[in-house]
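Quick notes on the structure that follows.
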Amino acid sequence: MTLSFEVGRPRVPGVEARAGKFPGPSLIPALNAIQARLGWLPREELEELSRTMRRPLYEIQGLISFYPHFRTTAPAKVQVSVCHDLSCWLRSADDRIAEIRARYGDDTEIELNEVSCLGRCDSAPAVAVNEHPAPAAGIDALVAAAREAELDEAGVTGRTEPWPNDPYPAGSGLASRYASLRALLAGEVSAESVVATLESSGLRGMGGAGFPTGRKWGLVAATDPGGVKYAICNADESEPGTFKDRQILTDQPHLVIEGLLLGMAVTGAEQGWIFIRHEYGPEERVLRAELAALREAGVIGADACGSGRRLEVDIFVSPGGYILGEETALLECMEGHRGEPRNKPPFPGNYGLHGRPTLINSVETFADVPVILQRGAEWWAEQGEGDSVGWKFFAVSGHVEHPGVYCVPMGTTVRALIDLAGGVLGGAQVGAVQPGGASSNFIGPDRLDLALDFGTLAEAGTMLGSGALVVLAEGTDLLAASTNVLRFFRNESCGKCVPCRVGSTKAHELLRETLDSGSGTLDEARKGRILQLEETMRKTSICGLGQVALGPVVSVLGLDKGGAAARPQPRPGGSAEQPDR
């Protein structure tokens, strides 16, 4: 679906810098389509797009240069991408990369690239051959199939039994699902009661920031009543160690979509999108099949569930980049611009997609809504451990026997989750843990009895983050591990603000020099410079990427940990809470 642009809408304070950006439909879906058809973006195709859409060629080139998925040279017959980020690095990715280079490096039919996280940390070290994901052990068969143009589409591996947050029985079909949505559209429950139930449940945004879901829905619903609004499911998880949303999309597309549709109906949005990373092609196909079935059954469309209300959901495929997980960078991308975060305020709930109020929640957040509405806020609260509420999905990777996705009561301890994943490889002891993905500070083996919850982890100097627990066995070089994390942030910086762009580069150079020298220990001068860079980046970077990039490094140095999370963002009314990633 074409993204529209509202001409003549009033500007609001804080968005003056956006006035010079090109209005009009986003060109990104068209660029995605060209690349899907040809494998790259030839100059003549771009010139034709420029003429057809009446957009300057330099605007198109500016987009292409920003997004890593786009390419302006013809690809080799076989494209091999190998992940080199933390979860894969812990599983000997460097050795596998060296082996693959030795085997295929001189082959003119093969193009080999080291890439950032592919979202397949449970099969680390992960590779993709012509965008077909697989463990590195399966690369030879994929390369052989790609040479013969016989590479099939990748499938998904799902569960046979529902996860604990699924209110619908195993094997239930579309007719018995979407019960909460049907009740809302039929007038059996009100939008106000939905918001009240979510507020009472204590559900918070599961994308990393933990903003109360009911409050967010209420704020968007109250903004510009009767006006045009939008809703977006942020399925762009691209942080090393994070792959839980991928599994939720595979196993629970019905819950993710029902949660999104409920958010649309409550807030007054008629159009919603699922913004998904391009590496999740198999999961995208699962979603498209579910949406097609919903349209066929009349659950979505111009007369959703026979209610007379229009509810439509489409999929927007990301052209790549971790920064697009930041909600305002995501909006910039959907509007057809470079994915650079906006200054806040205003927030998306007031001024989002095309300047309209926009509800944005993560995959897991939306997937939890249906069960809360069916079983009640009290039931949800009772599912947690201790003072924690609800169920929580975690992606567990690194040095564990059984990497994968686990759904446990919120408040489960780090130790219990590691045990659930089979313990540390080979019976080794834990050396360190990142409990919330690459953005979270490392904790030592003395903190394994910490409860996995927002407040508890924050008090311990780290954060729940994206729900990605990465385990490092005793003896792992923690400075090298944290440098690997910093390299990811340096590479994924959008470059918009100087502190992030320059600070991450300079800090990585300092760390790399130390590691390459063989000393493995920062001298006092370098420690001081790292601390100074961390403080500067945390206090002055525009978005969370720069604010947390050096936190993991500082945490393994045994120094003052600095910021454990992204800097709180000021919100209307004087509070300082962060929006959901």
Side-chain angles (χ1 to χ4, degrees), residues 1 155-191 193-195 197-198 201 203 213 217 231-233 235 245-274 276 282-315 359 361 363-377 379-380 383 390-391 393 407:
M1 171 172 288
V156 295
T157 302
R159 285 166 56 99
T160 55
E161 289 299 314
W163 291 97
N165 70 322
D166 193 337
Y168 303 112
S172 59
L174 192 150
S176 57
R177 292 174 172 176
Y178 296 88
S180 296
L181 175 69
R182 297 179 202 272
L184 176 60
L185 294 179
E188 297 170 11
V189 297
S190 66
S193 68
V194 169
V195 170
T197 299
L198 293 179
S201 73
L203 177 66
T213 304
W217 287 29
I232 300 168
C233 174
D245 285 354
R246 191 199 80 216
Q247 197 64 48
I248 294 171
L249 292 171
T250 296
D251 295 331
Q252 302 182 331
H254 56 290
L255 296 185
V256 177
I257 294 171
E258 183 177 12
L260 174 59
L261 289 167
L262 285 163
M264 293 166 60
V266 166
T267 59
E270 293 185 346
Q271 178 66 55
W273 284 273
I274 300 172
I276 189 169
E283 292 73 27
E284 179 193 343
R285 289 189 284 275
V286 170
L287 290 169
R288 290 194 184 279
E290 182 76 8
L291 290 174
L294 292 177
R295 291 190 186 96
E296 178 69 22
V299 175
I300 60 176
D303 184 21
C305 296
S307 64
R309 296 184 61 176
R310 175 181 176 269
L311 294 177
E312 188 56 82
V313 175
D314 288 296
I315 294 176
L359 175 69
N361 277 127
V363 167
E364 185 180 354
T365 308
F366 278 129
D368 286 337
V369 171
V371 72
I372 293 173
L373 297 184
Q374 290 193 43
R375 297 182 183 172
W379 176 87
W380 179 256
Q383 304 313 301
W391 294 95
F393 283 85
C407 185

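For the single chain, residues carry numbers from 1 onward in sequence order. Quick caveat: nothing in here was measured; it's all calculated off a predicted structure.
- With sequence neighbours left out, Arg159 forms a side-chain hydrogen bond (donor to acceptor under 3.5 Å, both in side chains) with no residue at all.
- Pro167 places a side-chain heavy atom less than 4.5 Å from the side chain of Leu255.
- Ring planes of Phe393 and Trp163: perpendicular class, angle over 60° (limits at 30 and 60°).
- Here the closest heavy-atom approach between residue Trp217 and residue Thr267 is recorded as O-CG2, 3.6 Å.
- Contact check for Leu185 versus Leu311: side-chain heavy atoms found under the 4.5 Å cut-off.
- No donor-acceptor pair closer than 3.5 Å links the side chain of Arg177 to the backbone N or O of His254.
- Rounding to the nearest 0.5 Å places CG of Asn361 at 5.5 Å from OG1 of Thr213.
- Taking CD1 of Ile274 as the reference point, atom CG of Leu287 lies at 4.5 Å (rounded to 0.5 Å).
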Donor-acceptor contacts, no H, no angles, side chain residues 369-377, under 3.5 Å, sequence neighbours left out:
unit_1	atom_1	unit_2	atom_2	d
Gln374	NE2	Tyr168	OH	2.9

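- Side-chain contact check for Thr157 versus Thr250: every heavy-atom pair is 4.5 Å or farther apart.
- Heavy-atom minimum distance, Asp251 versus Gly158: OD1-CA, 3.0 Å.
- One distance of note links CG of Leu203 with CH2 of Trp391; it measures 15.0 Å at 0.5 Å rounding.
- Residues Ile276 and Leu249 form a side-chain contact, since some pair of their non-hydrogen atoms from C-beta on lies under 4.5 Å apart.
- Closest of all the heavy-atom pairs between Pro169 and Pro162 is C-CG, 4.2 Å.
- With contacts defined as side-chain heavy-atom distances shorter than 4.5 Å, the pair Arg309/Glu270 does not qualify.
- Closest approach of Ala297 and Leu174 over heavy atoms only: CB-CD2, 3.8 Å.
- Gln252 places a side-chain heavy atom less than 4.5 Å from the side chain of Asn165.
- Atom CD of Gln271 is separated from atom CE of Met264 by 6.0 Å, given to the nearest 0.5 angstrom.
- At distances below 3.5 Å, at least one donor-acceptor pair connects side-chain atoms of Asp303 with backbone N or O atoms of Gly308.
- Between the Gln383 side chain and the Trp379 main chain, a donor and an acceptor come within less than 3.5 Å of each other.
- The one candidate from Ile300, Leu260, Leu294, Leu262 that meets the side chain to side chain contact (heavy atoms under 4.5 Å, CB included) condition with Leu181 is Leu262.
- A salt bridge does not link Arg182 with Glu188: none of the charged nitrogens is closer than 4.0 Å to a carboxylate oxygen.
- Taking all atoms of both residues into account, the shortest heavy-atom contact from Leu184 to Ala191 is CD1-N, 3.8 Å.
- Taken to the nearest 0.5 Å, the CD1 atom of Ile248 stands 12.0 Å off from the CD atom of Glu283.
- With rounding to the nearest 0.5 Å, the separation of CG in Asp166 from SG in Cys407 is 10.5 Å.
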